[in-house]
Amino acid sequence: MTSFERNRSTFVNKDALSESYQPHQIEERDEEIAVYMDALQPIVDGWEPNNIFLYGNTGVGKTAVTEYLLRMLEADVEAYDDVDLSVLTLNCNTLTSSYQVAIAMVNTLREPGDELSATGYPQRTVFTKLYSELEALGGTVLVVLDEIDSIGDRDELLYELPRARANGYLKQTSVGVIGISNDLQFRDQLDPRVKDTLCERELQFPPYEAPELANILASRAAVALNDGACDEGVLNLCAAIAARDSGSARQALDLLRLAGEAAESGEDEVIKESHVEDARQKLDAKRVEEGMRELTVHGKLVLLAIVSKTASRQIPCRGRDVYDEYRRLCAKAKTDPLVRRSVNNHLSDLRMFSIIDATENRSGSRGNYYSYELNVPFQSAVEAMGDALALGDELVRIRKRATQNKML
DNA sequence: CATCCACTGGAAGATATGGCGA
DNA sequence: TCGCCATATCTTCCAGTGGATG
């Protein structure tokens, strides 16, 4: 008689290493928490809330600390009858204007089925609808706008919201805005009037250093992993890698989680340093795939042009040659090619995603231009292209050339 | 020292798409 | 239906760049 048995696992609770996990204690952010609590204090005291602006790279604890403190604040404020607090959290990730943020806010406040559509209304109308939703809540409303930098320079809402009461749009409700930004430049490019109010209280989260990351990892590993599931040095290695490239706890935790998965799938009971190396490559590949998903058809064609040049070892490759290859691919795909300027835009997008790299060439009377090359493993790029372009035979040829040139 | 090359990238306008209200 | 509204993507135009060249 056979039976099912649970695999002996590296993990006890893998969730403790995932993005959504909320730890009971926040490590290594005591100073920030103290300043943050001070900025939130007026709410407890029954005064108008401060507007708070947080900035720092991804994975340095801005969102985690915010969630942690606001949960605590909501619980603690229960004790006071005269404080009526609501928290409205919104990730502005995919929202590219104040208009869209306002619509998303209204929609989170409304019942399902009664939502606004993404376009069609004048901006003023949307703001008015937002005010009436906020007014209906009453009391103090904290609006948390995570990744607020994605609205770029269309920041009217950030001007409006903090002034809503002063301008008579709200009577029953006081609004405090907590803006969270990954982009350090965003603060500086804000309209000066916005900066004055929104950045009333500012809080910068510096990148984590390696020892701090090691502590964070240790405390999560204690919950997530079996005792002895981890070789000496693995935590430190994850911490060191993450500290060097980003200072991000997110990256450190991802490395550990993926290393654990690599160990499990290799039937190893213990995570070793080699598994961390695997994890790192996986993370790289994931980054490319995610960047790739954002690309339009032409963005992909431009990238494919560079991939194709790479397969023939004709890199680094100047814009002109990329463009020629791109036009050839467009003809294959029976798509009208874009003009050169637009392809330039795609190239600079790809550069922003760090999928490609550009070096400046200044050759005097023969002009200045960029030379492009892939900035990710060739393999990951080819795989992430998938067959979205219906250019299967072209992909086959690229792979073949790459094999001949010993790229794969 | 002016000129030139071969771009880069900002600005503004065009086009297409999807949705509102009358 | 029509006139508006917002957005994404693309096009057109063009000023700016800076080392080599004569």
Side-chain angles (χ1 to χ4, degrees), chain A residues 90-107 110 112-133 147-161 183 185-186 188-189 191 291-306 309 314-327 329-331 333-373 375 388-389:
Chain A
L90 196 64
N91 192 310
C92 307
N93 206 352
T94 56
L95 308 173
T96 58
S97 66
S98 283
Y99 181 90
Q100 289 174 358
V101 172
I103 290 200
M105 282 175 68
V106 171
N107 288 344
R110 287 200 174 174
D114 193 23
E115 285 113 339
L116 299 180
S117 56
T119 60
Y121 310 95
Q123 175 152 294
R124 200 66 258 163
T125 308
V126 176
F127 284 0
T128 307
K129 286 175 195 292
L130 174 59
Y131 289 137
S132 64
E133 294 296 332
E147 303 187 44
I148 185 62
D149 44 308
S150 67
I151 67 168
D153 55 6
R154 294 187 280 182
D155 54 13
E156 309 87 357
L157 183 68
L158 300 181
Y159 178 79
E160 287 264 332
L161 265 184
D183 178 358
Q185 283 167 17
F186 178 70
D188 300 323
Q189 77 194 23
D191 183 312
M292 211 85 82
R293 233 177 285 139
E294 308 261 313
L295 299 178
T296 61
V297 174
H298 287 286
K300 285 181 183 158
L301 282 165
V302 171
L303 179 58
L304 187 60
I306 292 177
K309 284 287 183 185
Q314 294 171 10
I315 45 151
C317 176
R318 58 193 296 176
R320 167 200 285 176
D321 299 330
V322 175
Y323 188 62
D324 289 346
E325 181 66 8
Y326 159 80
R327 291 190 65 114
L329 291 169
C330 281
K334 300 203 171 32
T335 310
D336 289 339
L338 303 180
V339 296
R340 183 67 204 275
R341 177 70 185 85
S342 304
V343 168
N344 266 4
N345 280 344
H346 286 296
L347 286 168
S348 64
D349 283 351
L350 289 169
R351 211 145 41 103
M352 278 213 319
F353 288 127
S354 296
I355 294 176
I356 63 172
D357 216 14
T359 40
E360 271 180 301
N361 296 64
R362 303 190 181 289
S363 14
S365 57
R366 278 180 296 117
N368 302 336
Y369 56 88
Y370 280 144
S371 290
Y372 298 97
E373 61 190 311
N375 191 30
L389 294 165

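In what follows, every chain begins at residue 1, and chains take the letters A, B, ... in the order their sequences are listed.
Here C/dC10 presents its P atom at 12 Å from OH of A/Tyr323, a figure rounded to the nearest Å. In this structure, NZ of A/Lys300 is placed 15 Å from C1' of C/dT9, rounded to the nearest angstrom. What separates CD1 of A/Ile103 from C1' of C/dA6 is a distance of 9 Å, to the nearest Å. To the nearest angstrom, P of C/dT9 lies 9 Å from CG of A/Asp349. A/Asn345 places its CG atom 9 Å from the C1' atom of C/dT9, with the value rounded to the nearest Å. As a whole-Å value, the separation of A/Arg340 CZ from C/dT9 C1' is 19 Å. Going from atom CG of A/Leu295 over to atom C1' of C/dT9 covers 14 Å, rounded to whole Å. Computed from coordinates, the A/Leu301 CG to C/dT9 P distance equals 15 Å when rounded to whole Å.
Among A/Glu325, A/Arg327, A/Arg320, the single residue meeting the side-chain hydrogen bond (donor to acceptor under 3.5 Å, both in side chains) criterion with A/Tyr323 is A/Arg327.
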Show me the donor-acceptor pairs, under 3.5 Å and distance only, between side chains in residues 99-107 of chain A and residues at least two apart or in other chains.
unit_1	atom_1	unit_2	atom_2	d
A/Tyr99	OH	A/Tyr121	N	3.2
A/Tyr99	OH	A/Tyr121	O	2.8
A/Gln100	OE1	A/Thr96	N	2.7
A/Gln100	OE1	A/Thr96	OG1	3.2
A/Asn107	OD1	A/Leu116	N	2.7
A/Asn107	ND2	A/Leu116	O	3.1

Return a table of donor-acceptor pairs under 3.5 angstrom between the side chains of residues 293-306 of chain A and protein atoms on other chains or two or more places apart.
unit_1	atom_1	unit_2	atom_2	d
A/Thr296	OG1	A/Gly299	N	3.2
A/His298	ND1	A/Tyr326	OH	2.8

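For the segment residues 93-101 of chain A, the set of residues with a heavy atom within less than 4.0 Å of an atom of DNA chain C comprises A/Thr96, A/Ser97, A/Tyr99, A/Gln100, in numerical order. Annotation: proximity of residues 123-133 of chain A to DNA chain C (heavy atom, distance under 4.0 Å) is found for A/Gln123, numbered in ascending order.
Nearest nucleotide to the side chain of A/Thr296, out of C/dT11, C/dT9, C/dT7: C/dT9.
In this structure, A/Arg110 and A/Lys129 have side chains that are in contact, with non-hydrogen atoms separated by less than 4.5 Å. Looking at heavy atoms from C-beta onward, A/Leu158 lies in side-chain contact with A/Ile151 at the 4.5 angstrom threshold.
The shortest heavy-atom contact between A/Tyr372 and A/Arg318 is CD1-C, 4.5 Å. Closest heavy-atom contact between A/Thr359 and A/Asn361: O-OD1, 3.2 Å. The shortest heavy-atom contact between A/Ser363 and A/Tyr369 is OG-CE2, 3.5 Å.
For the atom pair A/Leu347 CG and A/Ile355 CD1, the distance stands at 11.5 Å (nearest 0.5 Å). Between A/Lys309 atom NZ and A/Gln314 atom CD the span is 4.0 Å, to the nearest 0.5 Å. Between A/Ser98 atom OG and A/Ile148 atom CD1 the span is 7.0 Å, to the nearest 0.5 Å.
Regarding contacts with the backbone of C/dT9, every side-chain N or O of A/His346 stays at 4.0 angstrom or more from both OP1 and OP2.
The residue A/Ser117 sits close only to the backbone: its heavy atoms come under 4.0 Å of sugar-phosphate atoms, none of a base.
The nucleotide range of DNA chain B contacted by chain A, defined by atoms under 4.0 angstrom from heavy atoms of the protein and reported 5' to 3', is B/dC4 to B/dG21.
Under a cut-off of 6.0 angstrom, the local environment of CG in A/Asn93 is crowded, with over 12 non-hydrogen atoms contributed by other residues, nucleotides or ligands.
Between the A/Ser150 side chain and the A/Thr94 main chain, no donor and acceptor come within less than 3.5 Å of each other.
A/Glu156 and A/Arg124 are not joined by a salt bridge, as no carboxylate oxygen comes within less than 4.0 angstrom of a charged side-chain nitrogen.
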Original post:
How would nucleotides 14-22 of chain C be written as a contact map, 5' to 3', with B for base contact, S for sugar-phosphate-only contact and - for no contact, using protein heavy atoms under 4.0 Å?
Top reply: ---BBBBS-
